[in-house]
Amino acid sequence: HSSPRQPDQTQRVHARKAPPMSIVDRVKNIIVSPSTEWPVIEREATPPGELVTSYLLPLAAVGAVAGFLGSTIIGTAVPFVGTYRAPIVSALVAACITLVMTVVGCFIIAFIINALAPTFGARQDSTQAFKVSVYSYYAGAGRRRPPDPAGPRRPGGADRGAVRPL
(Lines give C-alpha, C1' and ligand atoms only; values in the text may rest on other atoms or scores of the structure.)
Protein backbone atom coordinates (compact mmCIF):
# COMPACT_ATOMS: atom_id res chain seq x y z
CA HIS A 1 0.00 0.00 0.00
CA SER A 2 1.55 3.32 -1.04
CA SER A 3 1.09 6.49 0.96
CA PRO A 4 -0.64 9.50 -0.64
CA ARG A 5 2.60 11.50 -0.46
CA GLN A 6 4.58 8.92 -2.46
CA PRO A 7 3.53 8.65 -6.13
CA ASP A 8 3.38 5.12 -7.43
CA GLN A 9 5.75 3.87 -10.14
CA THR A 10 3.48 4.81 -13.08
CA GLN A 11 3.10 8.38 -11.83
CA ARG A 12 6.89 8.71 -11.48
CA VAL A 13 7.45 7.48 -15.04
CA HIS A 14 4.98 10.00 -16.48
CA ALA A 15 6.37 12.87 -14.39
CA ARG A 16 9.92 12.54 -15.77
CA LYS A 17 11.05 14.90 -18.46
CA ALA A 18 13.10 13.78 -21.41
CA PRO A 19 16.80 13.34 -20.62
CA PRO A 20 18.89 16.33 -21.67
CA MET A 21 20.93 16.03 -24.84
CA SER A 22 24.64 15.44 -24.27
CA ILE A 23 26.97 18.37 -24.79
CA VAL A 24 28.80 16.57 -27.58
CA ASP A 25 25.57 15.81 -29.46
CA ARG A 26 24.30 19.38 -29.05
CA VAL A 27 27.54 20.97 -30.30
CA LYS A 28 27.71 18.51 -33.20
CA ASN A 29 24.10 19.16 -34.18
CA ILE A 30 24.47 22.93 -34.04
CA ILE A 31 27.56 22.80 -36.23
CA VAL A 32 26.48 20.07 -38.67
CA SER A 33 22.73 20.70 -38.98
CA PRO A 34 21.80 24.10 -37.51
CA SER A 35 18.56 24.39 -39.49
CA THR A 36 17.13 21.35 -37.70
CA GLU A 37 18.76 21.94 -34.30
CA TRP A 38 17.60 25.53 -33.69
CA PRO A 39 13.88 24.59 -33.75
CA VAL A 40 14.64 21.84 -31.20
CA ILE A 41 16.45 24.36 -28.99
CA GLU A 42 13.58 26.83 -29.30
CA ARG A 43 11.07 24.27 -27.96
CA GLU A 44 13.23 23.29 -24.98
CA ALA A 45 12.34 24.84 -21.64
CA THR A 46 15.86 25.04 -20.24
CA PRO A 47 16.23 27.64 -17.48
CA PRO A 48 19.33 29.88 -17.77
CA GLY A 49 20.84 28.48 -14.56
CA GLU A 50 20.71 24.94 -15.90
CA LEU A 51 22.07 26.08 -19.25
CA VAL A 52 25.03 27.72 -17.50
CA THR A 53 25.87 24.70 -15.33
CA SER A 54 25.21 21.93 -17.85
CA TYR A 55 26.45 23.52 -21.09
CA LEU A 56 28.19 26.89 -20.82
CA LEU A 57 30.56 26.24 -17.90
CA PRO A 58 31.81 22.84 -19.12
CA LEU A 59 32.57 24.20 -22.59
CA ALA A 60 34.04 27.43 -21.23
CA ALA A 61 36.23 25.32 -18.94
CA VAL A 62 37.63 23.45 -21.95
CA GLY A 63 38.77 26.75 -23.45
CA ALA A 64 40.17 28.00 -20.14
CA VAL A 65 42.10 24.77 -19.51
CA ALA A 66 43.43 24.76 -23.09
CA GLY A 67 44.59 28.36 -22.66
CA PHE A 68 46.24 27.49 -19.34
CA LEU A 69 48.07 24.49 -20.81
CA GLY A 70 49.04 26.39 -23.93
CA SER A 71 50.49 29.34 -22.06
CA THR A 72 52.34 27.32 -19.39
CA ILE A 73 53.50 24.21 -21.23
CA ILE A 74 53.66 25.14 -24.92
CA GLY A 75 54.32 28.85 -24.54
CA THR A 76 54.37 31.68 -27.05
CA ALA A 77 57.10 32.24 -29.62
CA VAL A 78 58.63 35.69 -29.25
CA PRO A 79 60.81 36.84 -32.17
CA PHE A 80 64.53 37.14 -31.35
CA VAL A 81 63.89 35.97 -27.77
CA GLY A 82 62.58 32.42 -27.91
CA THR A 83 59.59 30.85 -26.24
CA TYR A 84 57.84 32.57 -23.35
CA ARG A 85 55.96 30.38 -20.91
CA ALA A 86 53.63 32.08 -18.47
CA PRO A 87 54.05 31.49 -14.74
CA ILE A 88 51.54 28.97 -13.40
CA VAL A 89 49.78 31.41 -11.05
CA SER A 90 49.40 34.04 -13.79
CA ALA A 91 48.06 31.45 -16.23
CA LEU A 92 45.64 30.12 -13.59
CA VAL A 93 44.33 33.63 -12.93
CA ALA A 94 43.94 34.19 -16.68
CA ALA A 95 42.04 30.89 -17.01
CA CYS A 96 39.65 31.88 -14.20
CA ILE A 97 39.09 35.30 -15.75
CA THR A 98 38.45 33.66 -19.13
CA LEU A 99 35.86 31.35 -17.58
CA VAL A 100 34.04 34.14 -15.74
CA MET A 101 34.13 36.54 -18.69
CA THR A 102 32.73 33.88 -21.03
CA VAL A 103 29.66 33.56 -18.79
CA VAL A 104 29.36 37.33 -18.31
CA GLY A 105 29.79 37.87 -22.05
CA CYS A 106 26.96 35.46 -22.84
CA PHE A 107 24.65 37.33 -20.45
CA ILE A 108 25.60 40.68 -22.04
CA ILE A 109 25.02 39.34 -25.55
CA ALA A 110 21.67 37.88 -24.41
CA PHE A 111 20.66 41.29 -23.05
CA ILE A 112 21.51 42.89 -26.41
CA ILE A 113 19.67 40.17 -28.36
CA ASN A 114 16.61 40.62 -26.17
CA ALA A 115 16.69 44.41 -26.53
CA LEU A 116 16.99 44.20 -30.32
CA ALA A 117 14.37 41.46 -30.80
CA PRO A 118 11.50 43.85 -31.68
CA THR A 119 13.72 45.47 -34.34
CA PHE A 120 13.70 42.14 -36.17
CA GLY A 121 10.01 41.42 -35.65
CA ALA A 122 10.54 39.02 -32.75
CA ARG A 123 9.11 39.20 -29.26
CA GLN A 124 11.34 39.88 -26.29
CA ASP A 125 12.09 36.76 -24.26
CA SER A 126 15.19 36.85 -22.06
CA THR A 127 15.38 33.05 -21.71
CA GLN A 128 15.27 32.50 -25.48
CA ALA A 129 17.80 35.32 -25.97
CA PHE A 130 20.15 33.65 -23.49
CA LYS A 131 19.83 30.30 -25.29
CA VAL A 132 20.66 32.00 -28.59
CA SER A 133 23.65 33.71 -27.00
CA VAL A 134 25.08 30.56 -25.43
CA TYR A 135 24.50 28.18 -28.32
CA SER A 136 25.67 30.72 -30.92
CA TYR A 137 28.85 31.41 -29.00
CA TYR A 138 29.94 27.80 -29.13
CA ALA A 139 28.64 27.20 -32.63
CA GLY A 140 30.98 29.95 -33.81
CA ALA A 141 33.84 28.65 -31.71
CA GLY A 142 33.34 25.14 -33.09
CA ARG A 143 33.45 26.31 -36.70
CA ARG A 144 36.89 27.88 -36.43
CA ARG A 145 39.17 26.11 -38.76
CA PRO A 146 42.61 24.85 -37.71
CA PRO A 147 45.58 26.11 -39.71
CA ASP A 148 46.27 24.31 -42.97
CA PRO A 149 49.22 21.92 -42.46
CA ALA A 150 50.39 22.73 -45.99
CA GLY A 151 50.86 26.35 -44.96
CA PRO A 152 49.19 29.50 -46.23
CA ARG A 153 48.00 29.57 -49.81
CA ARG A 154 49.66 31.99 -52.18
CA PRO A 155 47.52 34.43 -54.17
CA GLY A 156 47.46 33.46 -57.82
CA GLY A 157 48.76 29.96 -57.06
CA ALA A 158 47.55 26.68 -58.46
CA ASP A 159 44.84 26.47 -55.82
CA ARG A 160 43.34 29.82 -56.79
CA GLY A 161 39.58 29.55 -56.90
CA ALA A 162 39.60 26.01 -55.54
CA VAL A 163 36.94 25.13 -53.03
CA ARG A 164 38.54 23.79 -49.86
CA PRO A 165 36.43 21.75 -47.41
CA LEU A 166 36.16 22.84 -43.80
Side-chain angles (χ1 to χ4, degrees), residues 13-72 74 76-77 86 90-157 159-166:
V13 169
H14 295 296
R16 288 186 195 145
K17 64 180 185 176
M21 180 178 287
S22 78
I23 293 176
V24 174
D25 289 337
R26 174 55 46 90
V27 171
K28 182 187 79 167
N29 291 346
I30 289 173
I31 292 170
V32 175
S33 58
S35 61
T36 57
E37 191 63 18
W38 282 109
V40 171
I41 291 169
E42 182 181 16
R43 289 187 302 270
E44 291 175 350
T46 310
E50 185 179 328
L51 191 57
V52 168
T53 58
S54 66
Y55 188 83
L56 182 58
L57 281 177
L59 289 176
V62 169
V65 168
F68 172 80
L69 293 175
S71 65
T72 57
I74 297 169
T76 304
S90 299
L92 190 58
V93 168
C96 291
I97 290 171
T98 299
L99 188 69
V100 169
M101 293 311 294
T102 298
V103 175
V104 169
C106 282
F107 276 102
I108 291 170
I109 295 298
F111 178 77
I112 294 168
I113 290 169
N114 196 40
L116 293 175
T119 307
F120 297 99
R123 67 179 170 78
Q124 289 185 322
D125 182 337
S126 58
T127 301
Q128 292 294 79
F130 187 65
K131 290 188 326 189
V132 169
S133 173
V134 170
Y135 291 128
S136 296
Y137 180 82
Y138 284 103
R143 295 200 101 163
R144 291 189 188 124
R145 203 164 113 189
D148 190 342
R153 306 290 183 182
R154 296 175 194 237
D159 63 334
R160 186 173 178 195
V163 176
R164 294 174 43 207
L166 288 174

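Just so it is clear, the values below take in all heavy atoms, side chains as well, and ignore hydrogens, waters and symmetry mates. Not measured: the values here are computed from a predicted model.
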Rounded to the nearest 0.5 angstrom, the OH-CZ distance for Tyr135 and Phe130 is 9.5 Å
Nearest heavy-atom approach of Ala91 to Thr72 is CB-CG2, 3.2 Å
Less than 4.5 Å apart, side chain to side chain, heavy atoms only: is that true for [X] and [Y]?
{"X": "Val27", "Y": "Ile23", "answer": "yes"}
{"X": "Ile41", "Y": "Ile30", "answer": "yes"}
{"X": "Pro34", "Y": "Glu37", "answer": "no"}

Contacts of Asp25 meeting salt bridge (charged side-chain N to carboxylate O under 4.0 Å, His left out) (sequence neighbours excluded), chain-then-number -> none
Taken in chain and number order and not counting sequence neighbours, the residues that satisfy salt bridge (charged side-chain N to carboxylate O under 4.0 Å, His left out) with Glu44 are Arg26
**OP:** Using modelled atom types only, decide if a donor and an acceptor are shared between the side chain of Gln124 and the backbone of Pro118 within a distance under 3.5 Å.
**Re:** no
Quick check: does any side chain N or O of Lys131 sit under 3.5 Å from a backbone N or O of Thr46, one acting as donor and the other as acceptor? no
Going by atom type alone, with no hydrogens or angles, which donor-acceptor pairs under 3.5 Å involve a side-chain atom of residues 96-104 and a protein atom two or more places apart or on another chain?
residue: Thr98; atom: OG1; partner: Ala94; partner atom: O; Å: 2.8
residue: Thr102; atom: OG1; partner: Thr98; partner atom: O; Å: 2.8

By side-chain hydrogen bond (donor to acceptor under 3.5 Å, both in side chains), Ser35 pairs with (sequence neighbours left out) none
Residue set satisfying side-chain hydrogen bond (donor to acceptor under 3.5 Å, both in side chains) with Thr76, at least two apart, ordered chain then number -> none
Cut-off 3.5 Å, no hydrogens considered: what does the side-chain donor-acceptor table look like for residues 57-71, sequence neighbours left out?
residue: Ser71; atom: OG; partner: Gly67; partner atom: O; Å: 3.0
residue: Ser71; atom: OG; partner: Phe68; partner atom: O; Å: 3.2

For Ser33 and Trp38, run side chain to side chain contact (heavy atoms under 4.5 Å, CB included): C-alpha distance rounded to whole Å, both residues' side-chain angles, the deciding distance at 0.1 Å, then the answer. CA-CA 9 Å; Ser33 58; Trp38 282 109; over 6 Å; no
Give the table of side-chain donor-acceptor pairs shorter than 3.5 Å for residues 105-114, with sequence neighbours excluded, one pair per line with atom names and distance.
residue: Asn114; atom: OD1; partner: Asp125; partner atom: N; Å: 2.7

